[in-house]
Amino acid sequence: MTISSTTAGSSSGAVHGAPAGESIRDTLAAHVSPDDRLALLRNMILCRVLERACCELNPRWFPAEGEEATIVGTFYGLRPDDVIAAHYRGPFIAYAMRGAELGRLVGQALGKANGYAKGRALGFTGPVELNIVPWVAGDLGTSLGVATGAALGLQYEGGDRVAVVSFGDGTSNRGDFHEAVNLAAVWKLPIVYVCQHNQYSISLHASQVLACGSIAARAAGYGIPGVSVDGNDVRAVHAVVQEAIGRARAGEGPTLIEACTYRLGGHWASDPGGYRSPEEENEWRRRDPLPGYERQLLAEGLVDQPALARLWDEVRAQVAAAVAEAQAAPPADEADLGLDEVFAGESALANGCK
Amino acid sequence: MTISSTTAGSSSGAVHGAPAGESIRDTLAAHVSPDDRLALLRNMILCRVLERACCELNPRWFPAEGEEATIVGTFYGLRPDDVIAAHYRGPFIAYAMRGAELGRLVGQALGKANGYAKGRALGFTGPVELNIVPWVAGDLGTSLGVATGAALGLQYEGGDRVAVVSFGDGTSNRGDFHEAVNLAAVWKLPIVYVCQHNQYSISLHASQVLACGSIAARAAGYGIPGVSVDGNDVRAVHAVVQEAIGRARAGEGPTLIEACTYRLGGHWASDPGGYRSPEEENEWRRRDPLPGYERQLLAEGLVDQPALARLWDEVRAQVAAAVAEAQAAPPADEADLGLDEVFAGESALANGCK
Amino acid sequence: MPPRRLTFVEALVEGMRGEMRRDPDVFLMGQDVGVMGGAMGGSKGLYDEFGPRRVRETPISESAMVGAAVGAALTGKRPIVEVSFGEFLPTCMNQIVLQAANLHYMTAGKASVPMVLRTRVGDGPYRGHPQCFEAWFTHVPGLKVVMPSTPADGLGMMVAAIRDPNPVLFFEHMYLYHAIRGDVPDGDHATPLGKVFVRREGTDVTVAATGWMVHKALAAAELLGGEGVSVEVIDVACLAPLDFDTIAASIRKTSRLIVAHEAWKVGGLGAEIAAEAAERCFFDLDAPVVRVGAPQTPLPLAKPLRDRFLPGTHDILSAIRTVLTT
Amino acid sequence: MPPRRLTFVEALVEGMRGEMRRDPDVFLMGQDVGVMGGAMGGSKGLYDEFGPRRVRETPISESAMVGAAVGAALTGKRPIVEVSFGEFLPTCMNQIVLQAANLHYMTAGKASVPMVLRTRVGDGPYRGHPQCFEAWFTHVPGLKVVMPSTPADGLGMMVAAIRDPNPVLFFEHMYLYHAIRGDVPDGDHATPLGKVFVRREGTDVTVAATGWMVHKALAAAELLGGEGVSVEVIDVACLAPLDFDTIAASIRKTSRLIVAHEAWKVGGLGAEIAAEAAERCFFDLDAPVVRVGAPQTPLPLAKPLRDRFLPGTHDILSAIRTVLTT
Ligand SMILES: Cc1ncc(C[n+]2csc(CCOP(=O)(O)OP(=O)(O)O)c2C)c(N)n1
Ligand SMILES: Cc1ncc(C[n+]2csc(CCOP(=O)(O)OP(=O)(O)O)c2C)c(N)n1
Ligand SMILES: [Mg+2]
Ligand SMILES: [Mg+2]
C-alpha cells in the first residue's frame, strides 16, 4: 500500500485540515473487517463481470477493467443517505452497491425501456432516488459542480451526510474542477473528490496534459488535504476515502484524493488502441488489482480456491440473469418521446435525492 | 522586501523549473540601475496621477491607487516585441510604458473618438499594434486564455519573445485561470502570470473566497514555480518578474507570481465602500508604496526633495495636457456604428500584434 | 391594505424576501450579495435579515455557482443563484444547458431542479455588461426564461420562479431597476409563468416586446393614439415556454405584428415569434412582420454609440408606420 | 486531372492538409488529434506529416484551447482549434462570444482573429454528443458560421475558413463523415463563405436546409419529382452571415418556403430564415412558412427515441404537402 500525503503550499501557512498521519490510514486499511474484505472482493468481481458484459453488448461502452479497486474502494461502505456522483467509467458497481437493480442497469446500457432513464440519457445514469447524482450529459467536469452543489444541499440541511464524487485524471484539467473544489474548500462542504487516475484521457497519456505529476498536488491551491493512493489496492483506497469522509462528516471540509490505477481496456470497448506500448499494457496487466486482491485474501485465509470459484460463478450467474432481463426488456418506447416530461410538475418535488 | 518561494507539492516530486534561490532575486532587485530606479518612480507617479484623473472624469473607473508598485514593477522593462495583457485595474501605465499616447488613453476612458477603440470597447483597451492584448469584454479570467494563446503564438514562431499577463486575486478562482495556466505549463509556454493580489474582489475579502491563503500555492498543481512577493515593493516585483521572464525566454516555461498589495480606493471610483474597516484601510494607507519608494530613493540619495517636486509637477502637467486633449476631442462618432467593421477584410491581417 | 409603490429592484428583492421568509429551503448565492447588498442594490437588506447561511457570498466562479445551485436543487433545496450580469452567462452555459435543462427529462422525471438563476441584462444607468443573450436559452428545452417589465411582475414572477419545480432563468433589465416604480400587490402574490400579457389593447397593430422595449412600445402606442392609430402592446414577460396563443389572438384582431427587443435582431427571440406568426397566422396577417432589434455590431460602450445602437421608441414608431402603409 | 472522390471527412482533412502545406502559420490543436488521428478520423494523417508542433494535443480544457487559438491568431498565426464535439461548446462560449467575435470591432479594426473552430455535431453513427447549438452563434455579430453538406464544400469551405481573417465556426455533421462520398476539385479550391447554394432547382416550393437535412430534402424532392411537384433545395452551408438574397430569389420563384434543420425547431436557424421571409418576402409568399426541426425535448439516446426525435425526409415531405395544399 502506497499512500503519500501532499500538504503542499505549506510556506503559505494556509493548509487547513491536514490529513491525519499515515499510521491512522494504515491502521484503518488493516482493520477492514473480514466481512467488508469479502464484500469488497465480491463487488470488484461484480464490477468486472458486469462491465465486461456491457462492453460485449455495446461496443461504445467505456471499459472499467483495471479500475475496480478504485471504484469499489471509493463507493463501498457509504451510508444510504450519503450522495454519490460516479465518474462515467464504471459507475454501475457504485450504483449497484446502493441497491440499483442490475437488470435495469444493463437495460440502461442498452437504451432499453426498463433502464432507469427509459432510454433517454446516457447509459451511465443511475437512479436518483438512491441519492445518486445522475450523469445526464457528456461534458466532463460539469458534474463536479453539480456534486459540489449536492454537498451544499447536505450542509445546508445540517446533519452529517456527505457527498462522494469521482472523476478522471483528464477531467481535472477542466476549469470546472478548479471552481468546484475551490468552492467546496471555501465553504468547507462535506464532499470527497476522488480522481480515478487511470493515466489516460482517450489516447493521451497524463504526462502530455499534466505537468504537475500528481493531481493531489492541486489540493495545495485550495488549502485542503491532498492524498495520493495506490488505486489498485482496494483497501487502501477504501481507508483513505473513509478517512476523508470522516473529516467531511465532522465539518472539516473536502479532501482531494488521487487513486492511481490503469485503464486496461480501450477508451471505448471497440477502441483499436495503438497509441500506447504493449509493454506498458502488460506491465499493468500484471498489476491487475483483482487477482492481486484475490491472492491477498487467499494468503490471509479469508477465502480458499473453491470459495473463490463459487463466488465467480454466483456473480456470473447474477450478471447473466441481468443481461437476460435487459435483453428481454422492450426497446425504449418510440411512441413516448416524453414531450410532457420536459418540465416538472409540482408533484415532481417529492422526487430527487432524499 | 519579502519574497517567498512556493515549491509546494514536492512530495509529488514533480515541480519543474523550481525558481532560482532568493539570493539571485535579492541581487537582481538590489542591482536595478539608478536610471531604472528613477524610471520606476516616474512611472509610479504617472500611474497615480493618471488613474486619479480618470477616476475624477469617470465615476465608473476602477481605481488602481495603492497598486502602482505591482503594476509598474510587472510591466516595466519589457522588450517592445514582448506581448502584454494587463489586468483591467490600472492598465494605462502598462500601455503608456509601451508608448501609448496619454491623450488617447484618457480619451478612451471617456469613450471619446480619439480613444484607441473609437469609443467601442471598455475604457481599458490599449493599442494592439504595441503588442498589447486588448481588453474587450467584461468577463474576468477569459483574457488569461487569450494571453496564453499569444504566448503560444510567440513560441510557435521561435525566438525568445515572452508574454506577461496580470489578473486579480478574485479572478484566480475562475476556471479559465486553471485551464490557461495548466496549458501553459504543459506546453512550457513563454508566459509570466502575475496576480495583482489586492485582497479584494469588489466587497469580498480574499479570505472569503480563497481557502489556500496564497495564490502562488496554486503553482504546485501545474508543476511550475510559484512565487509570492511584496507587491508594494516595486523593485522586488520587478526583479521577480524579470527573473521569470528570463526563464520564459530560455524556454523553461511559465511562472505564477503573486504580488500582494492593496486596493486603497473603492472598487469603482464612486464606490461608497463600507464593507471593510477604516483600521484596515489606514494600515494599508500607511504602507502606500509610492511615498515608501520615494523615501527609499531619498535615503539612497537618488533624488532630493526639489527633484521629487519637479517630477510630480512634470507628471501632473503631462496628465493635465492629456486630459485637456481628451476633453477637447469629439465624442465617439454616433454616425459611425461601424457596421462594416464587424468583420475583418484581407487587409486587416497586416494589423495585430507584430 | 393599499398597494405599495416600489421600484423594480425593490420589487425583486421583496419577492425573494417573502419566499425566504416562507420557505427555509430558499437561499441566495452570488458575488457581493451580502454586506454590499448586491450589484445595483439587487439583494439589499437580505443579508441583514437572513445572515450568511442563506445569503451566501461566492468566489468568481460562475460555473461552480450555477452547478452548486443545480446540485442543491437536486437535494430538494430552493437555491437562487445570481450571475451578476448576463454578460457572464457564457462562462456557465454548460451548467445551464447541459445539466439544469436536462436533468428532469433525462431521469424520466425522477430528478427535478427547482432553482432560479437571476441575472442583470440590458442597457442600464452605468452602461456596463449590457449583453442580452436570453434568446439562446429559449432554444433549449427544459428551461423557463422570464424577463418581467413591471415591478408587479418583477415581484410576482420572482415568487413564481422560486416556487417553480424547474430551472428558471430570470432576466432583470438594468434600466428598469431604479427608473420604474409601480404598484405591487401585497402578500402571497405569484404571477403565473408561461404567459404573455396584453398591456394595452388596440386594433390596428400588435407590438410584442420584452423588458425595456415594452415601455418604449407603450410610449409609441401613446404617441400614435393621438394620430388615431390603435396599438396593442403585448409584454412577452415569459420567453419560454412561449405563449404564442395570446399573440396569435392579437394578430387575428389587428392583422399586423411587430416584435421588439433590445437583443440583436438576427437570431433573437423576435425571429421565433415572427416565424410562428409566418406559420400559424399567415392568413391573418395583412402586412409583413417587422422585427425591431439591435443592429449586427458588438455592443459599443460610448454613450453616443450606445444610443445609436439601442433600438428605441422611434424604431418602433417607424416599424408601425411601415406595416400600416404596406 | 480527373476529380477525386472522397468521403466527407477525407475532404475536410484534405482541406486542412493543403493549407498546412501552403502556409506554415496554420496549425491544428485539439484532443486526440495526433497519433490517434482525431475523433472519427477527423485529423487522420496530419500528425504523421506535420508532427507535434503543428498538430498539438491539448488537455481537456476547451476554454483554454479556444482562448489559445484566439491569442495565437492575434499574433498572426492561423490556428485551427478542434472542440471534439459541439456538445462541449457550452464550456467555451466566453472565448467564442466575448473574445473572438468582439476583438476586431472593439479595437477599431486593429486586431483580427483568423482562426477556425471546428466541431462535430448532429446525429452520427455512434449517436454520441449530437447537440446542434449552431443557432446561438448566428445571434452574435463577428462570427462566421458554416456547416457544409458535401465533400466538395467540406474541402472548399475548410480552405476558405482557414484563409478567412475572421473567426469561423465550422460545424461538421457526423452523419456525413463516412456516409457521404463525392467529387472534390483538385488543388487550390476555396468555396466562398457567406453564400447559400441552390442544390436543385424547382418551381413549386423552396426548401432551405442545413447539413444532413440537405440530403433529406433532396430525397424528398426526388420522391415528389415523381408526383410532378418541383422542389427547389437550398443548402444553407453558411449560416452567418446569412445570404438571404438567394433564398428570397427562390421564394419569388416558388412562393413557398420550408426551412429544415436538425436542431430544435424553437429558436433555431429556421426561425431567422422564416422571420426574414415574413418581413422581406411577405407579398411573394402564397402559403405559411413551415419549419421542420427537432421537437422540444432534450436529445434522447436510445435509437428508437432518437429516430423519433430526428426530423426526417417524411417530415419534409409532409411539410411540402402542407404548404402545397393551403
Ligand atoms: C468537456 C469535454 N471534453 C472532451 C470530452 C471527450 N472525452 C470523452 S472521455 C474523454 C477522456 C476523459 O479522460 P479522463 O477524465 O481521464 O477519464 P477516463 O476516460 O480516463 O476515465 C474525453 C476527452 C468530453 N466528454 N467532455
Ligand atoms: C466572470 C466575471 N464574473 C464577475 C465579474 C464582476 N466583477 C467585476 S470586477 C470583480 C472583482 C474582481 O476581483 P479581482 O480579480 O480580485 O480584481 P480587482 O477588482 O481586485 O482588481 C467582479 C467580481 C466579472 N467582471 N466577470
Ligand atoms: Mg483517465
Ligand atoms: Mg482583487
Side-chain angles (χ1 to χ4, degrees), chain C residues 63 87-98 101-106 131 133 135-142 240-242 257 259 263-283 285 287-291 294-301 326, chain D residues 63 87-98 101-106 131 133 135-142 240-242 257 259 263-283 285 287-291 294-301 326:
Chain C
S63 184
E87 179 172 355
F88 313 146
L89 292 174
T91 64
C92 50
M93 296 288 287
N94 52 335
Q95 298 292 357
I96 303 170
V97 166
L98 298 171
N102 279 342
L103 273 155
H104 182 69
Y105 177 84
M106 288 299 195
Q131 276 77 2
F133 295 133
W136 290 344
F137 304 96
T138 65
H139 188 40
V140 180
L242 181 66
L257 175 66
V259 198
W264 289 299
K265 174 180 159 181
V266 174
L269 177 77
E272 176 61 24
I273 294 175
E276 280 290 276
E279 178 158 357
R280 294 174 48 187
C281 308
F282 185 76
F283 297 107
L285 283 165
V289 178
V290 175
R291 290 182 288 159
Q296 277 302 87
T297 71
L299 224 159
L301 170 89
T326 47
Chain D
S63 183
E87 180 172 355
F88 313 146
L89 292 174
T91 65
C92 50
M93 297 287 287
N94 51 335
Q95 298 291 356
I96 303 170
V97 167
L98 298 171
N102 278 342
L103 273 154
H104 182 70
Y105 176 85
M106 289 297 195
Q131 276 76 4
F133 295 134
W136 289 344
F137 304 96
T138 65
H139 188 40
V140 180
L242 181 67
L257 175 66
V259 197
W264 290 299
K265 174 180 160 182
V266 173
L269 179 77
E272 177 62 25
I273 295 176
E276 281 289 276
E279 178 158 357
R280 293 174 48 187
C281 309
F282 184 75
F283 298 107
L285 284 166
V289 179
V290 175
R291 291 181 288 160
Q296 277 300 87
T297 71
L299 225 159
L301 170 89
T326 48

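What's counted below: heavy atoms across the whole structure, side chains too, no hydrogens, waters or symmetry copies. Chain letters run A, B, ... following the sequence lines, proteins first and then strands; every chain starts at 1.
Chosen from C:A101, C:S63, C:P300, C:P141, the residue pairing most often with chain D at heavy-atom distances under 4.5 Å is C:P141. Per-residue heavy-atom pair counts under 4.5 Å with chain D were compared for C:L98, C:T138, C:N102, C:T91, and the maximum is reached by C:L98. Among C:G142, C:G268, C:C92, C:P241, the residue making the largest number of heavy-atom pairs under 4.5 Å with chain D is C:G268. Ranked by non-hydrogen atom pairs under 4.5 Å with chain D, the options C:V266, C:L242, C:I96 are led by C:V266. Options D:A275, D:P298, D:A274 differ in how many heavy-atom pairs under 4.5 Å they form with chain C, and the most are formed by D:P298. Interface summary for chain D: among C:E272, C:Q296, C:R280, the most heavy-atom pairs under 4.5 angstrom belong to C:E272.
Residues forming a salt bridge (Lys or Arg N to Asp or Glu O under 4.0 Å) with D:E87 (at least two apart in sequence, or on another chain): none.
Of all the heavy atoms in C:G267 and C:R291, the pair that sits closest is N-NH1, 4.3 Å. Shown here for C:A278 and D:A278, the closest heavy-atom pair between the two residues is CB-CB, 3.7 Å.
Neither the backbone nor the side chain of C:F88 comes within less than 4.5 Å of any heavy atom in chain D. Contact annotation for C:V140: both backbone and side-chain heavy atoms come within less than 4.5 Å of a heavy atom of chain D. Proximity to chain D involves both the backbone and the side chain of C:T326, based on heavy atoms less than 4.5 angstrom apart. For a residue to count as touching a neighbouring chain, one of its non-hydrogen atoms must lie under 4.5 Å from one of that chain's; by this rule C:V97 touches chain D with the side chain only. Contacts of D:Q95 with chain C are absent, with no heavy-atom separation under 4.5 Å from either backbone or side chain. Of the two parts of C:A287, only the backbone, made up of N, CA, C and O, holds a non-hydrogen atom closer than 4.5 Å to a non-hydrogen atom of chain D. Using a 4.5 Å cut-off between heavy atoms, C:L257 does not touch chain D at all.
Residues C:P90 and C:W136 meet the side-chain proximity criterion, which asks for heavy atoms closer than 4.5 Å.
Summarising the geometry, atom CE belonging to C:M93 is positioned 10.5 Å from atom CG belonging to D:N94; distances are rounded to the nearest 0.5 Å. From D:E279, atom CD reaches atom NZ of C:K265 across 4.0 Å, with rounding to the nearest 0.5 Å.
Relative ring orientation between C:F133 and C:W264 is described as tilted, the plane-to-plane angle lying within the 30° to 60° band.
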